[in-house]
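Here is the structure we will look at, set down as structure tokens.
None of these values were measured; they are calculated from a predicted model. Here is the naming used below: chain letters follow the sequence lines, and residue numbers restart at 1 for every chain.
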Protein chains: 2
Amino acid sequence: MTLFRRFCRTFRVNPWLARMLIVFATSGGGVLAFSDVKSENGMTFDSSEADSKKKKVVVLGTGWAGISFLKNLKNPSYDVQVISPRNYFAFTPLLPSVTCGTVEPRSIAEPVRNIVRKKNVNIHYWEAECFKIDAENKKIYCRSHIAGNLNEKEEIVVDYDYLVIAIGARANTFNIPGVAENCHFLKELEDAQKIRRTVIDCFERASLPNLSDDERKRILHFVVVGGGPTGVEFAAELHDYVNEDLVRLYPKVKEAVKITLLEATDHILNMFDKRITAFAEEKFQRDGIDVKTGAMVVKVSEKEISTKEVKDGGGISTMPYGMVVWSTGIGTHPVIMDFMKQIGQGNRRALATDEWLRVEGCDSIYALGDCSTINQRRVMEDIWVIFRKADKDNSGTLTIKEFQEVLDDLCERYPQVALYLKNKHMRTLVDLLKDSKGDAVKESVEVNLEEFKSALSQVDSQMKNLPATAQVAAQQGSYLADCFNRMEECERNPEGPLRFRGEGRHRFRPFRYKHLGQFAPLGGEQTAAQLPGDWVSIGHSTQWLWYSVYASKLVSWRTRALVISDWTRRFIFGRDSSGI
Amino acid sequence: MTLFRRFCRTFRVNPWLARMLIVFATSGGGVLAFSDVKSENGMTFDSSEADSKKKKVVVLGTGWAGISFLKNLKNPSYDVQVISPRNYFAFTPLLPSVTCGTVEPRSIAEPVRNIVRKKNVNIHYWEAECFKIDAENKKIYCRSHIAGNLNEKEEIVVDYDYLVIAIGARANTFNIPGVAENCHFLKELEDAQKIRRTVIDCFERASLPNLSDDERKRILHFVVVGGGPTGVEFAAELHDYVNEDLVRLYPKVKEAVKITLLEATDHILNMFDKRITAFAEEKFQRDGIDVKTGAMVVKVSEKEISTKEVKDGGGISTMPYGMVVWSTGIGTHPVIMDFMKQIGQGNRRALATDEWLRVEGCDSIYALGDCSTINQRRVMEDIWVIFRKADKDNSGTLTIKEFQEVLDDLCERYPQVALYLKNKHMRTLVDLLKDSKGDAVKESVEVNLEEFKSALSQVDSQMKNLPATAQVAAQQGSYLADCFNRMEECERNPEGPLRFRGEGRHRFRPFRYKHLGQFAPLGGEQTAAQLPGDWVSIGHSTQWLWYSVYASKLVSWRTRALVISDWTRRFIFGRDSSGI
């Protein structure tokens, strides 16, 4: 053991040993290793001379998008500053597990400094919150919110050459009265901890001797608002927690527990396949979780929650509750709202970016993850320039050959075109043109602008916004890092599609999301999964798939080992009920 | 795995299976098993008819003393109510490890309900805080402090036949200005979590770019007040945390970190052997921990701490600091102060009990642990009644034989007598008498009252208060439980020493503390231990002794496995720095 311990410690205490080896081996750069070692010593924060020539990249946020960007950034020619009020990355898909103590909060948190210090890129992290973005002067304004006897009013002003906004979203209360004051949310690790403590508090409070039966039932009524994957998973976890562990410890209040799931639309999990929705609804019914669909929350008071029937006249009903968890959708951070007003996007929910994740109207600002949406350009907006670009001989009509030459670029620039063809079961654009021209012989097809327009008229209907998921954010982060890594290279040799509205080619290929599937844990060691190609898998084996996918996706070997050992602890000892 | 999981679950979900087996096997009591199963169902809190004949025992507190009492209480003829604001027992010796994230807070917390539900005794737990004890009417008044949308003002009034006070102590600020507002304490799990977060906050704050070097040094100056085992262990843990883990993550602020340990007396660890004190002081000096002895804190402001030299005129000096941890001694809870006034003990620090842990002046109230001290009766107070009881033939003098007959009772009732003999290297009381009579022949020794008095005059100097440690509290709890278990039996057949001031014998033997040794972890995998018989052991091997003793002392297999896996995690991955 002592030997093993020493070995571990040597590598922990002298990580630069390992790092230097790697730096020398991979980049063969003595200079690099030198600058790396140098930055470990010395107290000054002034950039060195070499650094001052580097482009300054400021990253706001340490969630999925930000961390994925940082992990994949490999080009040492940037000087990166990461600013976030949280000095760790939280593996959010396991948040519902934290609410019930299945997983420890710190097992799914990886310190940002741990993630960035292994890199050859110069990355500084500062624990502060950005409250203003000044795009004109390329500055951001931050404040440190660290508690204790420190001056909290100091401002930090940071210059940037490139700004990467990845601060995520906050819970959306839809301005429904009482929600912000009385509901729990499930966005941060602290939220999950607070929910766990409140569940225990409810059980302790319900066990006190001086209560009426009605009051006891009220306290043990847990309401989950929102039938999306998070709400459903939380309701399922809570049900398991109560039935597998808490009822043993609080046998006298067992009968009074009730879980209600409220959903405004007709079904829970409505972004999933119908088979999954049906299975989930049936399982919840068997479990005794009361699923109320078509019920819209209109008010939450200190002890009661009021809902309105969406259909049938809209009667209002009111239920007493002990705890409400609100998980309905995402809203915008104030700093983003402020910034959107500044750049003329005031009436939007999230920052609009182009297909390369650049904020519209701001040349050197990128936005990714939940705080942004990609504004996919419509084919119809550009139909004339597309036609003109394709019509190389300026004949006023397009031949098949002319068309085939721009086909790949068109599909790459406007992914809805490819999607439209696929959904219509057409193999190429030529089929599309033929379709619009009737049964003319393939070789001789030639279309004018109007015919071209009508052939593509339905194409834009295929456009869809990307969901606000960790998967999208992570892919955006790694895409953007890849662009930054090859910025100069691609400046010289652009690899993107043809610029229909300009000359030459785009520097990069636009961002393309690849859906890898989605899980919906339903409790009782059962999980539903929707995999690419509309594969659906439900049951115990899917739960094990869930365990292995999530374990493999965790950000570090440390968190991986910690989460797996948490799962093992839970299998053996169950979840505990200490109010800490 | 599935089989194993099912096996675990069967025992978790149906723990009464296991329990019933045990109940049937050990007590052969069908009635018992019946009442046990019955209490699992039903919502009512009314005591059943059988229960109403049981004596009501109320236990205040779920610390070492209270939990040790509950764990050892085996007599089913009591109806026990446990009242504490914390629904878990915390293994406090590992608190300093929690401050640095070596051990997870919940790994050392065991839910009270988990501890008490395994028992055949009827035990209810209520999460509430006692704010008033009414000894006259045998009632206590409690309040539930559970947060959330619950009515916090409700009072719960509980009757008792026997009251066991085991609520511990709180940190003692000695009314030094600024201590309560600006210092951290180390009594509860929440304190430890807060300290960990503050340490990380200090490092994050010191890493911000807009600070002067002086300000950075101030923020990273950690001051520990109190050179007792807790303060020393915390300083050592913090030093390890900083030097093994944090400096790698915050390389730029490494040089600015400083740890100062303040102690008012001449040496740290002054309750330990001098060899340990010397070793600790030397090790701390090597480690760069600044130990300032003879320094008394007189004031703590928001950013500065002022100390006064105890010797040499008492000059006052002031240091800037980033965090102060206050660990100097224990103070009294308000409810105890209030109760002491009520029973005429108003000028004391802790509740005075007799040698049977009964609060002086209250027949059915017991106090144990840090909230009480045993008021050992002096021999000199009783010298006359002792003489008279021993002098069976009323001759006015004691013969050796008469003396030897009361000898064992005397030593049991007044443990200072035995201690005095041992320290003076006398084998029996007879030697003592001989000593006072000169060289007379042993057989013919006969003493009168005055001679008897002078022989025992120095005996009371051997009396010592017990230290306020977990060990004492735990032994008191198990002692009292043993008394409760055999209450009726001992009423019939008293087993205690002769009543010198009354007739017959005491029901029980008085409480006797058995010191099993004490550890002082000094960091860097080195620990000092003072074992019974003045054995001293220092070094790496003692650290392993520490690991094994603490692992074995943990309250349940669950916490044991959790703490050991936490230690393993730390060996492999180090401590993390996420601010959660």
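- In this structure the side chain of B:R205 reaches within 4.5 angstrom of the side chain of A:S144, judged on heavy atoms.
- Looking only at heavy-atom pairs under 4.5 Å with chain A, the residue among B:N87, B:L211, B:V116, B:I156 that has the most is B:N87.
- Between B:E204 and A:R86, none of the side-chain N atoms (NZ, or NE/NH1/NH2) sits under 4.0 Å from a carboxylate O, so this pair counts as no salt bridge.
- The part of B:Q193 that comes within reach of chain A is its side chain, from C-beta onward, which places non-hydrogen atoms under 4.5 angstrom from that chain.
- The CH2 atom of A:W557 lies 12.5 Å from the CD1 atom of B:I572; values are rounded to the nearest 0.5 Å.
- Scanning all heavy atoms of the two residues, the minimum distance from B:P111 to A:S578 falls at CG-N, 3.6 Å.
- Residues forming a salt bridge (Lys or Arg N to Asp or Glu O under 4.0 Å) with A:E127 (at least two apart in sequence, or on another chain): none.
- Looking only at side-chain heavy atoms (C-beta outward), A:R113 and B:S207 come within less than 4.5 Å of each other.
- Residue contact with chain B, scored on non-hydrogen atoms closer than 4.5 Å, involves the side chain of A:I200 exclusively.
- In this structure, A:L562 CG and B:E104 CD are separated by 7.5 Å, a value rounded to the nearest 0.5 Å.
- Taking every heavy atom of both residues into account, A:G579 and B:Y88 meet most closely at N-CD2, 3.7 Å.
- In this structure, the portions of B:R558 lying under 4.5 Å from any heavy atom of chain A include both its backbone and its side chain.
- At a 4.5 Å heavy-atom cutoff, the contact between A:S107 and chain B is made by side-chain atoms alone.
- Under the salt bridge (Lys or Arg N to Asp or Glu O under 4.0 Å) criterion, A:R197 pairs with no residue, sequence neighbours left out.
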